[in-house]
Every structure is written in structure tokens, then in C-alpha cells.
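The structure under discussion appears below in the form of C-alpha cells.
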Number of protein chains: 2
Amino acid sequence: MATDDLMTRALEALGDDGPLSAEAIHRLAGPAGLADLPATMTIADVAGLLDISPHTLRYYERAGLVEVARDGNGHRVYDAGAVRRLVFLTRMRLSGMPMRDLRHYVSLVDAGGHTVPERLDVLVEHRDTIRRRIRELTLSLTAVEYKIATYGGSTGPDVPAGGPLTGTGRTAPPDEPLRRTLATPTTMTR
Amino acid sequence: MATDDLMTRALEALGDDGPLSAEAIHRLAGPAGLADLPATMTIADVAGLLDISPHTLRYYERAGLVEVARDGNGHRVYDAGAVRRLVFLTRMRLSGMPMRDLRHYVSLVDAGGHTVPERLDVLVEHRDTIRRRIRELTLSLTAVEYKIATYGGSTGPDVPAGGPLTGTGRTAPPDEPLRRTLATPTTMTR
DNA sequence: GTTTGCGTTCGAGCGCGCTCGAAGGCATAG
DNA sequence: CTATGCCTTCGAGCGCGCTCGAACGCAAAC
């Protein structure tokens, strides 16, 4: 996934250390979350905070998404503003917004307050994209759940009559009966 | 979208012709959906059915995901089995399963009925991946919705004191107050 | 006949978002 | 003093999933 690398890693991280790690970024949500930030942070600090690599942080900077000051040694110094922006950017990336759009958004921010309406447009569009994606995933989820269910515990009603190994693979699991289930895609909470 | 190209196109398609087109694949869900398929289809037929390009269909075949017969002219002839498999594959791709996993799954199917347990493992894992992704997106959605809300109608409580255009961009919208909202991420239906 | 249209194979190319590695600077530890 | 470690810049490379184009075949339309 192009747009997906970050997400992919986040999802994989989930497997690593419990069901909370991919939500790392969301933990820094409240005023508290951003208030208890140190005044400045090193690249390693920020990388740890956002659960992305220093390489990626430098990449974002090169891409023009943030400006980061340097200390006497030429090392990056992330102030609260830069960190806040990176929190936002990472959230957007995680929810699938492409770099291109992020660059656009950032250019609007840097252009001044008069771009607020256009910024809102961007956000609203992204919100709708997320909603569509959730709906899409919910439908797929229902289909996959159905398929799992009809597989039985082991060998189910699939692998039916026409013997196994039959070339093109009618050995394949059922793709058919989904009508009622899909007609009621409210199953998400299951 | 590495993993994302298909999804991206699906999402873009949504914009094109109403809120239903990305769900094209889900329309062919029920037994009816698959029953009313012609006995055989051309590549253009299948491409239209699945809303993917003939190029992509050939690519899937080259990748070893389906076998497709040829007619006297060397043209592809998709039988019902191939189409069913492609419906499944497309669904999985749309929900983010990487080609790699799809190849693995298909190899299991082609290996015979004794691989059903392992196939189930794959499906269950993918189900969990989808669920995590939905949760992740739901959190992001809440954050974006909050941000939109606090932007006010135009210039909101953001773009506050410290004048606009101030370099690093405290001009940026609020990333702070999300605590209560995020603590109750049940807001998905809003 | 030629043209149009739809198909074929094959290998190369692309866009995305990282990801890496080389070559070096500076500072603290031993 | 020499490590060790963390940082720097820069450009190149990678993995993914398409996507494209060239060169060609066959068949129905005109």
C-alpha cells in the first residue's frame, strides 16, 4: 500500500504487543496528551512518540510537511508546534490520506488564516473518504465472517461434491450465499 | 496504495457515480448474484463485472491466482469457477489482503481439502486485520470530525492569539482537545 | 480488400511511501 | 587516546500493485 505502508506497520504492530499499540497515536489525543509534551524533543523522542522511524521523520521534513530547527550540533530539535503538526500528519497518514494531500493541506496552513475554508474542505473530504472506507471494510468483514462461518469448524459444507483438486478449484470455499447477511450489514459490532 | 491501489480506485469510483459503485463487488454477494452469471465470460465481461481493468485480470492470472482457459482464437474464456474465484479475490484485495497472502490462500485451495483448517486460519487472521483497521479508522474519523467541528464555520477557535504565518505554523488547527470524544469512540454512526 | 475492434504476450515503467546505506560530525564513556 | 552512540545529509533502492505499450492475431463491418 503505497498509502498503506504506515497503516500496514501499525496493523502489524498490533500483533506485536497487544491490541493497543496501533492506537499509539490516538493516545496523544487530549489536551493533556499534548500538554505533557516536553518543550523540545529529539528525533528519537518523536519517533518513539509517534511510533514511526527517524528515517520517516526526516522524509516528512524533506517532503516539506514540517520545518524543524537544529541545535548547535546540527541535530534536529522538535518544538511543541512541530510535534503537534507531526501528530496530526501521522494521524492523517494512518487514516489513508496521501502525502500529496498532506502537502497541500500544509501549504494552506502556512499560507495563513484566510485558507481556513479550504482547509475545512480538505478535512471534510477526508472525513468522507474515511467513512466510505469504513463502510467498504464493514461489507468485506461481513463477507469474510460469513465465509468463516460456513466453512464449519474444519471441513464444512464446502469442499463439496465435485472432488477436490479439480483444477480451477471448485474446491474453493463458498462465495455464494451472502445475500441476507450482506443485506443487513449492521453486523459490525459482532 | 501498495495494497491500496484497488481500494483507492474503488474509493475514487465512489465519487464518480454515486455512493454505490465501490460496493459493486458486494452486489454479487448472494447465491443469486453468482447464479445469474453466464456460463462463460470474456475478459471484458469480467472486468466490467468486477470493475477492474483487463490488464489487472491478466496480472492476477500471471500471478498464479487463477487459471483461465482459451478459446480457438487464444482469447480468455472465464468459466463460472474462475469468475467466482475472482470475485473472492477482488473482495479480499479490496479489504486490503496483500497479493502475497492471496497467492498463499490460492495455493492452499489448489492443494486440496485437507488444507481447509489452514485456509480458515488465513481467513480468521484477515478478519481480525479488517476489524483492527475499522477500529483504527473509526478513531481517526472521530478525530477528524472533532477537528472539523472545532474549526467553527470558517475561522474558529483556532488561528488564535499568536498571529498567522508564524513559521512553524501554530496557525495550524487544533490538535489538542479530543479527550472526551476519543474516550467514547462509539461515535461512528454520526 | 482494408479498417476497426477486441483480444493476445511480454517486458518495462510508474507512483507511492518509505527504507537504507555510505560517509561523516560531535560528545560522552571508559 | 579510542571507542560507542546518536545524530547529520544525500542519493539510491525497494516492495507493492498495478499500468502501459509495442507488436501482433483474428474476425466481423464496410
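Everything numeric in this text was worked out from a predicted model, so none of it was measured. Chain A is the first sequence line, chain B the second, and so forth, proteins listed ahead of strands; every chain is numbered from 1.
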Could you state the atom-to-atom distance from [atom1] of [X] to [atom2] of [N] in whole Å?
X: Leu57(B); N: dT19(D); atom1: CG; atom2: C1'; answer: 13 Å
X: His104(B); N: dC16(D); atom1: NE2; atom2: C1'; answer: 19 Å
X: Arg93(A); N: dC18(C); atom1: CZ; atom2: C1'; answer: 9 Å
X: Leu89(B); N: dC18(D); atom1: CG; atom2: P; answer: 11 Å
X: Leu50(A); N: dC18(C); atom1: CG; atom2: P; answer: 12 Å
X: Tyr59(A); N: dG11(D); atom1: OH; atom2: P; answer: 15 Å
X: Ile52(A); N: dG17(C); atom1: CD1; atom2: P; answer: 14 Å

Can you check whether [X] has a side-chain N or O nearer than 4.0 Å to OP1 or OP2 of [N]?
X: Arg76(A); N: dT8(D); answer: yes
X: Thr42(B); N: dG7(C); answer: yes
X: Tyr60(B); N: dG17(D); answer: no
X: Arg100(B); N: dG17(D); answer: no

Determine, for Arg85(B) against Glu67(B), whether the closest basic-nitrogen to carboxylate-oxygen distance falls under 4.0 angstrom.
-> no
Inter-residue atom distance Arg93(A).CZ - Met99(A).CE, 0.5 Å rounding = 6.5 Å
[Y] and [X] side chains, donor-acceptor separation under 3.5 Å:
X: His126(A); Y: Ser95(A); value: yes
X: Thr129(A); Y: Arg132(A); value: yes
X: Ser107(A); Y: Asp110(A); value: no

[X], nearest nucleotide to its side chain (from [options]):
X: Ala44(B); options: dG7(C), dC7(D), dT8(C); value: dG7(C)
X: Thr56(A); options: dT19(C), dC18(D), dG17(D); value: dT19(C)
X: Ile43(A); options: dG17(C), dC7(D), dT8(C); value: dC7(D)

Protein-proximity profile, nucleotides 24-30 of chain D, B/S/- by nucleotide at the 4.0 Å heavy-atom cutoff, equals -BSS---
Would you mind reporting whether Val109(B) and Thr115(B) have side-chain heavy atoms less than 4.5 Å apart?
-> no
With the side chain counted from C-beta on, respond yes when Tyr105(B) and Leu123(B) share a heavy-atom pair under 4.5 Å apart, and no when they do not.
-> yes
Which atoms of nucleotides 20-22 of chain D (N or O only) lie under 3.5 Å from a protein N or O atom, and what are those distances?
none

Who are the side-chain hydrogen bond (donor to acceptor under 3.5 Å, both in side chains) partners of Arg70(B), not counting sequence neighbours?
-> Glu61(B)
Pick one: which of Val66(B), Ile52(B), Thr90(B), Val83(B) meets side chain to side chain contact (heavy atoms under 4.5 Å, CB included) with Val46(B)?
-> Val83(B)
